[in-house]
Peer 1: 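My questions will all concern the structure given below.
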Amino acid sequence: MSAALQMTAFGLALLSTLFLLLATCTDCWMVNADDSLEVSHKCRGLWRECVTNMQDGVRTCDQYDSILADHPVKILVTRTLLIAADLLAGLALATLLLGLDCIKFLKEDPRVKLKMCYGAGVTLGLGSILGLVGSVWYAVDVYVERATLVSRNIFLGVHYDFGWSCWLGMAGSTGCFMASVLLTCCLY
């Protein structure tokens, strides 16, 4: 039972960590949600903004000026929280890998391996909280920005909605949290 639970938690943690890494690196945190005839598809990410021409499929991306330049708070907070979540999830994944029963590392001391799995669960939990806060922070800020423009009857030509990178960050954080629960609550 313990080995199956460990493998399930490891598989979930691996997939969720990959989701978090993809969310951090990809460029579609905000996507245009305009109802008019669209000639281009615009995505804004944490690191650059991309525009895809719908007629010929040509995609161009503009890097933000500098990592240290003045950016909106939502971008800086989300970057920081997701990078921290990525690092914590990666550390937890490495610790969990060494703590699995099927790995021969420290095979003679099962209590240490169990503590490693528990520590990996706690670390995954911390990473999942940071990733979820960063993703939800960004999504709420996009919603508030859009609601403010709508309430003031301001139309700028493009309205943005949550992009797939934002959803990927939320899914990865939720998966890390579920793996954390499996490792910390169900393993003992």
Side-chain angles (χ1 to χ4, degrees), residues 12-54 57-93 122-181:
L12 186 59
L14 179 64
L15 183 66
S16 301
T17 301
L18 289 175
F19 281 2
L20 275 174
L21 286 169
L22 279 173
T24 305
C25 297
T26 53
D27 304 320
C28 209
W29 280 78
M30 287 171 57
V31 63
N32 62 329
D34 198 342
D35 292 332
S36 66
L37 277 173
E38 293 185 22
V39 239
S40 63
H41 180 74
K42 298 175 187 131
C43 282
R44 286 187 184 170
L46 301 177
W47 311 102
R48 62 184 168 239
E49 184 172 341
C50 295
V51 178
T52 305
N53 189 329
M54 299 304 278
V58 174
R59 183 175 191 219
T60 57
C61 294
D62 292 328
Q63 298 277 15
Y64 295 144
D65 292 336
S66 167
I67 293 176
L68 302 174
D70 289 335
H71 294 293
V73 173
K74 72 179 171 190
I75 289 179
L76 295 176
V77 169
T78 305
R79 277 181 186 173
T80 305
L81 290 173
L82 279 171
I83 289 172
D86 292 342
L87 292 173
L88 286 172
L91 176 66
L93 204 57
V122 170
T123 307
L124 267 175
L126 290 172
S128 71
I129 290 169
L130 292 178
L132 199 58
V133 167
S135 300
V136 170
W137 169 282
Y138 196 93
V140 166
D141 197 58
V142 169
Y143 175 77
V144 167
E145 180 181 321
R146 185 179 61 197
T148 303
L149 293 174
V150 168
S151 69
R152 295 182 181 167
N153 290 329
I154 299 172
F155 182 69
L156 297 176
V158 176
H159 290 289
Y160 284 95
D161 204 359
F162 316 131
W164 59 271
S165 296
C166 187
W167 292 111
L168 200 60
M170 289 183 204
S173 299
T174 304
C176 282
F177 184 75
M178 289 171 37
S180 170
V181 168

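These numbers come from a predicted model, not from an experiment. Residue numbers count from 1 along this sequence.
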Peer 1: Once rounded to the nearest 0.5 Å, what's the spacing between atom SG of Cys28 and atom CD of Glu49?
Peer 2: 10.5 Å
Peer 1: With sequence neighbours excluded, what pairs up with Cys25 under the disulfide (SG to SG under 2.5 Å) test?
Peer 2: none
Peer 1: Heavy atoms only: give me the nearest Leu46-Ile75 pair and the separation to one decimal.
Peer 2: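 Here Leu46 and Ile75 meet closest at O-CG2, 3.7 Å.
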Peer 1: Roughly how far apart are Leu91 CG and Thr123 OG1, rounded to 0.5 Å?
Peer 2: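 Atom-to-atom, Leu91:CG and Thr123:OG1 are 5.5 Å apart.
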Peer 1: If you look at every heavy atom in Ala89 and Leu20, which pair is closest and at what distance?
Peer 2: CB-CD1, 4.4 Å
Peer 1: Which heavy atom of Ala179 sits nearest to which heavy atom of Leu124, and what is that distance?
Peer 2: CB-CD1, 3.9 Å
Peer 1: Atom OG of Ser16 and atom CG of Leu168: how far apart are they, to the nearest 0.5 Å?
Peer 2: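 So the gap between those two atoms works out to 10.0 Å.
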Peer 1: Return the set of residues passing side chain to side chain donor-acceptor pair (under 3.5 Å) with Arg59 (not counting sequence neighbours), or none when no residue passes.
Peer 2: none
Peer 1: How many angstroms lie between atom NZ of Lys74 and atom CZ of Arg44, to the nearest 0.5 angstrom?
Peer 2: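 With rounding to 0.5 Å, NZ (Lys74) is 7.0 Å from CZ (Arg44).
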Peer 1: Side chain to side chain donor-acceptor pair (under 3.5 Å) with Ser135: which residues, sequence neighbours excluded?
Peer 2: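 Checked Ser135 against side chain to side chain donor-acceptor pair (under 3.5 Å); zero matches.
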Peer 1: Looking at every heavy atom in both Phe19 and Ala171, which two are closest together, and how far apart are they?
Peer 2: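 The answer is CD2-CB, 4.2 Å.
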Peer 1: Step by step, would you call Cys50 with Cys43 a disulfide bond (SG atoms under 2.5 Å apart)?
Peer 2: CA-CA 5 Å; Cys50 295; Cys43 282; over 6 Å; no
Peer 1: I need the Leu21 CG to Leu82 CG distance, nearest 0.5 Å.
Peer 2: 10.0 Å
Peer 1: Between Trp137 and Val73, is the side chain to side chain contact (heavy atoms under 4.5 Å, CB included) condition met? List the steps.
Peer 2: CA-CA 10 Å; Trp137 169 282; Val73 173; 3.9 Å; yes
Peer 1: Is any side-chain heavy atom of Leu132 closer than 4.5 Å to a side-chain heavy atom of Phe177?
Peer 2: no
Peer 1: Between CG of Leu130 and OG of Ser173, what distance do you get to the nearest 0.5 Å?
Peer 2: 8.5 Å
Peer 1: List the atom of Gly127, the atom of Ala85, and the distance in Å for their closest heavy-atom pair.
Peer 2: O-CB, 3.2 Å
Peer 1: Less than 4.5 Å apart, side chain to side chain, heavy atoms only: is that true for Phe162 and Tyr138?
Peer 2: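 Of all side-chain heavy-atom pairs linking Tyr138 with Phe162, none is under 4.5 Å.
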Peer 1: What residues form a side chain to side chain donor-acceptor pair (under 3.5 Å) with Asp27, not counting sequence neighbours?
Peer 2: Arg48
Peer 1: How would you list, by chain and number, every residue that makes a side chain to side chain donor-acceptor pair (under 3.5 Å) with Ser165, sequence neighbours excluded?
Peer 2: Thr26
Peer 1: Is a side-chain donor or acceptor of Trp47 paired with a backbone partner of Thr24 at a separation under 3.5 angstrom?
Peer 2: yes
Peer 1: Does Leu126 have any side chain to side chain contact (heavy atoms under 4.5 Å, CB included) partners at least two apart in sequence or in another chain, and if so, which?
Peer 2: Leu88
